[in-house]
Every structure is written in C-alpha cells, then in structure tokens.
> 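Have a look at the structure that comes next, please.
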Amino acid sequence: MDFNEARAELKQLLSRTEPTHLQRLITWIRNSDELDELLSDNRKVILQNISEELRERLPADAMLPSETAAYNKMQQCSQPTVHVDSFLFDEDEVDSRCEEGTMSRSFCLSCGSHRTASLEFISHSFSISELQFLFHNVLPDLSGRMLVDVGSRLGVVLYGGYVFSSASQLVGVELSEEFVKLQNDIVIKYNMTDRIQVLHSDVCLQNVLLQNADVLVMNNVFEFFMEPSQQVSAWRFIMENFRKKGSLLVTVPSLQESLNPLQEALQPGWVEELPVDYDVYLGRDSDPDSLRLIHLYRVL
C-alpha cells in the first residue's frame, strides 16, 4: 500500500467513525506513543545503542579540551550557548537530565536571583531522526556510491549511512585523533568495517577523495572550528575539487548562510540547489525546524 492508498483508507476510516469518538481518535493519532513504536526498527535500535555507548565515553558537552576554537566561538555568540549533541541527547533525554539537575535549559541573569533566560543549544551532529530523514527523504538510493563526511567527529553520518542506506563506501575525514579512535572503536565493535573508513586528515589534503566522491556531507563543519580566513581557504578547496558532475552536496546550514558572513561568493556554475520535501513525520522526537536546516545541492 503506497502513501495515497493509505491516506485514502485513513480518510475513509475517519469518515466512518462516530462523531462522538472522532476527536478522541484524532487526539490519539497525534499524541499516542503506540504509533511511534510502529516507526521504530532495528536500525534505530543500533544507533540508539551507539548513542548510549558514546554518552558514557564522552563528557556531557561531547567536546574535547583541545577544541578551544569551538569553545571561544560559543562564548562570542550573542546569547549564552552550550553544545548539546543531538545524536547523544534527544528531547526526552534532555528533559530527564534537566529534571535530575545535570543539565539546564536556562541561565541566571543575575547571580542569586530568580531571573533566568533560555540557553541556546547548538549541535555538531545529526539526531537519529535527522539521519533517517537524510538517507530516506533527502538523498536518493546510494547503491554503488561513495559518501564522504567532512569533519566526521563522532561518526554519526557514517553509522546512519551504514544502517539507513546502501552506499558502498562511507568515508569520514576527521582532524582530531581522539575522535578518529572513537569512531574506529565503534566501527569495529558494530561490525561496520566492510563499508566504513575513517581518515585522520585535513580535508584540504584530500583532493583525490573529493574528486571521486558521489556525496559530500558538511554539517556545521567550519564555522565553530576555524578562523574566517581558514574557512575561506577550505571552501575554495572544496569548490575546486568536488566537481564530479551529478554529485550531491548536503550542507547544514545552506551554502549562502555559510559563505555570506565570510564575504565569499559561491562559484558560478558549481552547484544548483534541489528541492527537499520537509513535510514528513518521523516521530515525536523529530524537530521540523532542524530538518529545514538540511540543504541539498547537485554539482553541475
């Protein structure tokens, strides 16, 4: 049964429901955890297990002491900002930790007072729902294709690509030796070595890899980790080397949002933006606003 057939049957079911019970049924459809359980599968369970293991191995903010540039950048934000990794902490986990007092959504405006304001949360990883959306709704079938994740960090795009896609190769490029080791530990433990490779390297040294990539994923890669001049150099390198016609580029945020603050122009004739259908339901833990930050481009 496809979407249109299922929708027609659901509308017929609702039309046959007694009016006194119709609102109750609609409320159940909107809020019941039973429907979310139907959306859960073994692939999500694998990612949830990886998430739990990484939470035990990483500090609460999932950042390394060596990431001084990222810490400094967060301190420069107009509103107090903390890193809450979306792969490690879904909304339920954040709520649970806030209740325990180990995490907070607010900060004190005046020490000792009751005046508080909301903290800004940022994440350098996709959530599990966002990974599902990326591989099922944004990207086409990846059979026989190579995906490269720039700044693979915890490896979540690689794990998501392994369980949610048929990509033949999933390559992560990561500068931090500690994150590379962490990714390799997970890849080996979960028997993903047949399709996943993690390179300890600067992407600006990987011209051949970029020239052969079919899909390039860039999620908040440079803004928090490089000085503006370094960002410009990195973007120019990518625009010069990721040139295979028909290859796909996934960015968060959009190219314009990334390049405009750098006063760097998008190279004419490099890529075109493709439409993405954001009107999908992935469960109660998905964030529609976060999905809309994901942009897809095709190399011309």
Side-chain angles (χ1 to χ4, degrees), residues 124-126 130-153 155-162 164-175 195-199 201-223 225-226 228-278 280 290-300:
H124 300 307
S125 297
F126 288 117
E130 289 162 0
L131 289 169
Q132 181 182 7
F133 176 73
L134 172 64
F135 288 104
H136 285 176
N137 299 89
V138 178
L139 292 169
D141 178 19
L142 298 183
S143 298
R145 301 189 188 188
M146 177 173 68
L147 178 148
V148 175
D149 182 25
V150 179
S152 53
R153 199 172 176 81
V156 304
V157 169
L158 308 179
Y159 317 140
Y162 193 94
F164 286 134
S165 85
S166 300
S168 61
Q169 288 179 274
L170 298 152
V171 182
V173 181
E174 174 55 50
L175 264 176
R195 290 164 55 206
I196 292 181
Q197 179 185 12
V198 184
L199 302 179
S201 175
D202 184 334
V203 69
C204 293
L205 300 175
Q206 295 295 326
N207 55 311
V208 175
L209 180 67
L210 293 180
Q211 290 160 13
N212 289 301
D214 299 296
V215 180
L216 193 66
V217 178
M218 302 178 66
N219 181 12
N220 285 330
V221 178
F222 301 139
E223 180 185 358
F225 304 96
M226 290 181 175
S229 60
Q230 296 173 309
Q231 294 180 53
V232 169
S233 296
W235 275 113
R236 288 178 180 174
F237 182 86
I238 286 169
M239 287 188 271
E240 289 167 5
N241 288 282
F242 185 59
R243 305 288 303 190
K244 190 200 295 188
K245 186 176 181 179
S247 295
L248 298 173
L249 171 66
V250 176
T251 70
V252 176
S254 69
L255 285 175
Q256 288 73 19
E257 267 190 86
S258 295
L259 295 174
N260 286 350
L262 302 173
Q263 298 182 328
E264 179 70 8
L266 186 63
Q267 283 189 6
W270 177 43
V271 295
E272 63 176 347
E273 185 161 11
L274 300 178
V276 174
D277 182 7
Y278 299 104
V280 295
S290 294
L291 298 184
R292 292 183 181 279
L293 297 176
I294 300 173
H295 294 262
L296 178 66
Y297 304 86
R298 179 170 54 209
V299 177
L300 298 172

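Index from 1, following the sequence. The figures here come from the full heavy-atom set of this structure, side chains too, leaving out hydrogens, waters and symmetry mates.
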> Can you name the side chain to side chain donor-acceptor pair (under 3.5 Å) partners of Ser229, sequence neighbours left out?
none

> Is the shortest side-chain heavy-atom distance between Met239 and Leu266 below 4.5 Å?
yes

> When rounded to the nearest 0.5 angstrom, what distance separates CD in Gln211 from CG in Asn241?
5.0 Å

> Restricting to non-hydrogen atoms, name the atom on Ser125 and the atom on Asn219 that form the minimum distance, rounded to 0.1 Å.
C-ND2, 3.6 Å

> How many angstroms lie between atom OG of Ser152 and atom CG of Leu175, to the nearest 0.5 angstrom?
9.5 Å

> Listed by chain and number, what are the side chain to side chain donor-acceptor pair (under 3.5 Å) partners of Glu264, not counting sequence neighbours?
Arg236

> Nearest heavy-atom pair of Val156 and Leu131: which atoms, and what distance?
O-CD1, 3.5 Å

> Quick one: does any side-chain atom of Arg145 pair with a main-chain N or O of Val215 as donor and acceptor, under 3.5 Å?
no

> For the CD atom on Gln263, are there more than 12 heavy atoms of other groups (residues, nucleotides or ligands in this structure) within a distance under 6.0 Å?
no

> Only one of Val157, Val250, Leu216 passes side-chain contact (heavy atoms from CB on, under 4.5 Å) with Leu147; say which it is.
Val157

> Which pair of non-hydrogen atoms, one from Leu255 and one from Tyr297, has the smallest distance, and what is that distance?
N-OH, 3.0 Å

> Are His295 and Gln256 side-chain neighbours, meaning at least one heavy-atom pair lies under 4.5 Å?
no

> Go through Asp277 and Asn137 one step at a time and tell me if the side-chain contact (heavy atoms from CB on, under 4.5 Å) criterion holds.
CA-CA 7 Å; Asp277 182 7; Asn137 299 89; over 6 Å; no

> For the backbone of Pro253 and the side chain of Thr251, can you confirm whether one donor and one acceptor N or O come within less than 3.5 Å of each other?
yes

> Between Met218 and Ile238, is there a side-chain heavy-atom distance shorter than 4.5 Å?
yes

> Could you give me the CA-CA distance, side-chain angles and deciding distance for Asp214 and Lys244, then say whether side-chain contact (heavy atoms from CB on, under 4.5 Å) is met?
CA-CA 7 Å; Asp214 299 296; Lys244 190 200 295 188; 2.9 Å; yes

> Write down the atom of Gln206, the atom of Ser201, and the distance for their closest heavy-atom approach.
NE2-OG, 2.9 Å

> Could you go through Phe164 and Leu139, starting from their C-alpha distance and side-chain angles, then the distance that decides it, and tell me whether this counts as side-chain contact (heavy atoms from CB on, under 4.5 Å)?
CA-CA 11 Å; Phe164 286 134; Leu139 292 169; over 6 Å; no

> When you compare the side chain of Leu248 with that of Leu274, does any pair of heavy atoms fall below 4.5 Å?
yes

> Any heavy-atom pair between the side chains of Gln231 and Pro261 that's under 4.5 Å?
no

> I want to check something: taking the side chain as every heavy atom from C-beta on, are Val276 and Ile294 in contact at a cut-off of under 4.5 Å?
no

> Nearest 0.5 Å please: distance from the CD atom of Glu273 over to the CG atom of Leu296.
8.0 Å

> Given Phe237 and Asp202, is the side-chain contact (heavy atoms from CB on, under 4.5 Å) satisfied, shown in steps?
CA-CA 11 Å; Phe237 182 86; Asp202 184 334; over 6 Å; no

> Phe242 versus Val150: any side-chain heavy-atom pair under 4.5 Å?
no

> Can you see which heavy atom on Asp141 is nearest to which on Ser166, and at what distance?
OD1-CB, 4.2 Å

> Working to the nearest 0.5 Å, report the span between SG of Cys204 and CD of Gln230.
9.5 Å

> Out of curiosity, Met226 CE to Leu262 CG, how far, rounded to the nearest 0.5 Å?
11.0 Å

> Which heavy atom in Val148 sits nearest to a heavy atom in Ala213, and how many Å separate them?
CG2-CB, 3.7 Å

> Can you tell me how far CE of Met146 sits from CG of Leu170, rounded to the nearest 0.5 angstrom?
10.0 Å

